[in-house]
Amino acid sequence: MSDTAADSAWRLPDDREAVRAALIEWYEDDHRDYPWRRTDDPYEILVSEVMSQQTQLDRVVAAWEEFLERWPTTADLAAADRADVVGFWTDHSLGYNNRAKYLHEAARQVESEYGGDFPETPDELQELMGVGPYTANAVASFAFNNGDAVVDTNVKRVLYRAFDVPDDDEAFEEAAQELMPEGRSRVWNNAIMELGGVACEQTPKCDGAGCPWREWCDAYASGDFTAPDVPTQPSFEGSRRQFRGRVIGTLREYDELELDALGHRIRVDYAPDGEYGREWLEGLLSDLEDDGLVETDERDEDDEFVARLRR
DNA sequence: ATCCCGACCT
DNA sequence: AGGTCGGGAT
């Protein structure tokens with residue numbers, strides 16, 4: 001048998017129960033008190049997970065509360081106009097508008113396919129739009145205490161440092177699952193992500209945060225706190241994403257807008273026949289249309305091409 | 001500049 | 001397997 005990354009010589013401490021107990025005790029003793037940690041409503045959990053996928057938690061709190069005040073249940077959200085949900089997303093600077101669409105669509109799925117009651121297993125949850133392996137396990141865990149071990153960038157960093165688990169998705173899955181105490185996914189997944197969030201950060205605070213795993217941690221022993229590579233994103237300034245965001249933001253202010261008018265409002269160097277002109281803008285709008293965020297209309301009479309937010 | 005509790009489509 | 005998707009905070 002070859003010594004691939006997945007079956008290389010990592011192993012968890014023998015004293016596994018002690019490792020588990022130490023982390024859970026550490027978490028229960030003190031942790032950040034985010035409001036979604038005090039609910040077991042799967043819809044409220046899902047909203048928090050989707051919002052926090054690429055947005056800092058401290059900025060999510062207010063948005064989460066307002067979102068649930070406006071659309072308290074999946075039935076409310078399913079009945080909403082997509083333009084309003086996307087608008088809310090933009091107003092609260094929650095990033096990727098696609099996620100607003102996913103959430104809206106997922107709410108409709110829960111209503112139409114599950115009669116308003118969320119499915120309770122990770123596999124079923126993954127069928128919901130925008131819900132992948134991570135989010136499915138998070139919702140199953142935090143709402144139903146019925147998830148498998150979550151593996152996100154925090155968990156990877158912790159496992160990589162503490163137990164020398166190689167930077168390999170299979171290995172992370174296996175190690176995480178082996179470590180999680182059976183039937184305790186709610187507290188466990190909260191705890192291990194909290195560890196990655198407040199102690200085993202990019203720059204670790206082992207002693208400051210009172211890390212409960214110091215006695216077992218390979219990195220703490222060796223002083224090597226290298227972390228798995230997280231792919232760095234290209235700069236946002238001048239990116240395509242930036243202009244997508246501007247299109248959404250601009251179309252919110254108008255019922256509909258003609259192509260050139262829109263172009264001039266999203267970039268100062270817009271020139272209909274230039275490098276960033278109609279052709280470029282139509283490509284952008286075409287993608288936004290495929291994403292279900294925008295609709296366009298060609299009017300034969302005056303040969304006018306208009307765009308508006310999709311309802 | 002870099003960070004931030006992934007998922008989708010091809 | 002790789003490319004794409006926002007934007008505020010630090």
Side-chain angles (χ1 to χ4, degrees), chain A residues 27 31-32 34-37 45-64 86-103 105-106 122 125-142 147 149-159 168-170 172-173 176 185-186 188-204 227-250 252 266 283-284 286-294:
Chain A
Y27 175 75
H31 57 80
R32 295 172 294 180
Y34 291 114
W36 47 85
R37 285 180 166 168
I45 303 284
L46 177 63
V47 173
S48 80
E49 290 299 333
V50 173
M51 285 184 174
S52 55
Q53 278 172 12
Q54 295 283 80
T55 301
Q56 285 84 347
L57 297 187
D58 292 330
R59 272 202 301 137
V60 167
V61 175
W64 183 79
V86 172
F88 181 98
W89 218 253
T90 299
D91 280 343
H92 294 77
S93 301
L94 289 168
Y96 304 117
N97 310 105
N98 271 332
R99 301 208 170 113
K101 180 194 72 173
Y102 292 157
L103 204 45
E105 188 59 34
L125 285 161
Q126 269 202 67
E127 298 298 313
L128 300 178
M129 186 70 67
V131 176
Y134 166 77
T135 309
N137 277 121
V139 174
S141 298
F142 304 145
V150 297
V151 177
D152 69 347
T153 56
N154 281 324
V155 174
K156 288 180 182 177
R157 191 170 57 248
V158 168
L159 295 175
D168 175 286
D169 287 347
E170 292 294 320
F172 284 132
E173 286 293 342
S185 59
R186 176 180 286 138
W188 180 260
N189 285 325
N190 264 143
I192 195 167
M193 288 198 289
E194 183 77 355
L195 187 65
V198 306
C200 202
E201 302 168 83
Q202 204 63 30
T203 54
D229 289 326
V230 284
T232 161
Q233 284 195 338
S235 84
F236 178 65
E237 191 58 33
S239 70
R240 190 177 175 81
R241 312 204 290 295
Q242 182 177 41
F243 292 108
R244 285 172 54 104
R246 286 186 186 172
V247 168
I248 300 294
T250 304
R252 288 196 60 209
I266 64 169
L284 204 59
S286 169
D287 283 352
L288 285 165
E289 213 169 355
D290 291 342
D291 287 341
L293 300 171
V294 164

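Each chain gets a letter, A, B and so on, in the order its sequence line appears, and its residues count up from 1. As a basis for the values below, the full set of heavy atoms in this structure was taken, side chains included, without hydrogen atoms, waters or symmetry mates.
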Any side-chain donor near an acceptor of the partner, Tyr134(A) and Gln53(A), under 3.5 Å: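 The criterion, which ignores hydrogens and geometry beyond distance, is not satisfied for Gln53(A) and Tyr134(A).
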
Could you tell me whether [X] contacts a base, only the sugar-phosphate backbone, or nothing, with contacts defined as non-hydrogen atoms closer than 4.0 Å?
{"X": "Ser235(A)", "value": "nothing"}
{"X": "Ser48(A)", "value": "nothing"}
{"X": "Arg240(A)", "value": "sugar-phosphate"}
{"X": "Thr55(A)", "value": "base"}
{"X": "Gly132(A)", "value": "sugar-phosphate"}
{"X": "Val131(A)", "value": "sugar-phosphate"}
{"X": "Gln53(A)", "value": "sugar-phosphate"}
{"X": "Leu57(A)", "value": "base"}
{"X": "Asp291(A)", "value": "nothing"}

Watson-Crick or G-U stems involving DNA chain B, each at least 3 pairs long, distances under 3.5 Å, ordered by first number: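 When the pairs of DNA chain B are grouped into runs of at least three, the stems are B:1-4 with C:7-10, B:6-10 with C:1-5.
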
Could you check how far [atom1] of [X] sits from [atom2] of [N], rounded to whole Å?
{"X": "Phe236(A)", "N": "dG3(C)", "atom1": "CZ", "atom2": "C1'", "result": "17 Å"}
{"X": "Gln54(A)", "N": "dA7(B)", "atom1": "CD", "atom2": "P", "result": "10 Å"}
{"X": "Phe142(A)", "N": "dC5(B)", "atom1": "CZ", "atom2": "C1'", "result": "8 Å"}
{"X": "Glu201(A)", "N": "dC5(B)", "atom1": "CD", "atom2": "C1'", "result": "13 Å"}
{"X": "Leu46(A)", "N": "dG6(B)", "atom1": "CG", "atom2": "C1'", "result": "13 Å"}
{"X": "Arg241(A)", "N": "dC5(C)", "atom1": "CZ", "atom2": "C1'", "result": "7 Å"}
{"X": "Glu49(A)", "N": "dG6(B)", "atom1": "CD", "atom2": "P", "result": "9 Å"}
{"X": "Lys101(A)", "N": "dG6(C)", "atom1": "NZ", "atom2": "C1'", "result": "15 Å"}

Test log, rule salt bridge (charged side-chain N to carboxylate O under 4.0 Å, His left out), inputs Asp287(A) and Arg240(A): CA-CA 11 Å; Asp287(A) 283 352; Arg240(A) 190 177 175 81; 2.6 Å; yes

Between [X] and [N], does any side-chain N or O lie under 4.0 Å from OP1 or OP2?
{"X": "Asn97(A)", "N": "dG6(C)", "answer": "yes"}
{"X": "Gln56(A)", "N": "dA9(C)", "answer": "no"}
{"X": "Ser93(A)", "N": "dG8(C)", "answer": "yes"}

Where Val155(A) and Ala176(A) come nearest, the two heavy atoms and their spacing: CG1-CB, 4.5 Å

Is any side-chain heavy atom of [Y] closer than 4.5 Å to one of [X]?
{"X": "Leu94(A)", "Y": "Arg99(A)", "value": "no"}
{"X": "Arg32(A)", "Y": "Leu57(A)", "value": "yes"}
{"X": "Tyr102(A)", "Y": "Leu128(A)", "value": "no"}
{"X": "Ile248(A)", "Y": "Val294(A)", "value": "yes"}

Greater than 12 external heavy atoms within 6.0 Å of Asp229(A)'s CG: no

Nearest to the [X] side chain among [options], which nucleotide is it?
{"X": "Asn154(A)", "options": "dA7(B), dC5(B), dC4(B)", "value": "dC5(B)"}
{"X": "Tyr134(A)", "options": "dA7(B), dG8(C), dC5(C)", "value": "dA7(B)"}
{"X": "Met193(A)", "options": "dC5(B), dA7(B), dC5(C)", "value": "dC5(B)"}
{"X": "Gln202(A)", "options": "dC5(B), dG6(C), dC4(B)", "value": "dC4(B)"}

Ser52(A) vs Gly130(A), nearer the 5' end of DNA chain B by closest nucleotide: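 Nearer the 5' end of the strand: Ser52(A).
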
P gap between dC5(B) and dT10(C), integer Å: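 Straight-line distance between the two P atoms is 13 Å.
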
Side chain Arg244(A) and base dG6(C) donor-acceptor under 3.5 Å: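 Absent.
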
Any N/O donor-acceptor pair, Tyr96(A) side-chain to dG6(C) base, under 3.5 Å: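 Pair found.
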
Exam field: side chain Trp89(A) to backbone Tyr96(A), donor-acceptor pair closer than 3.5 Å: yes

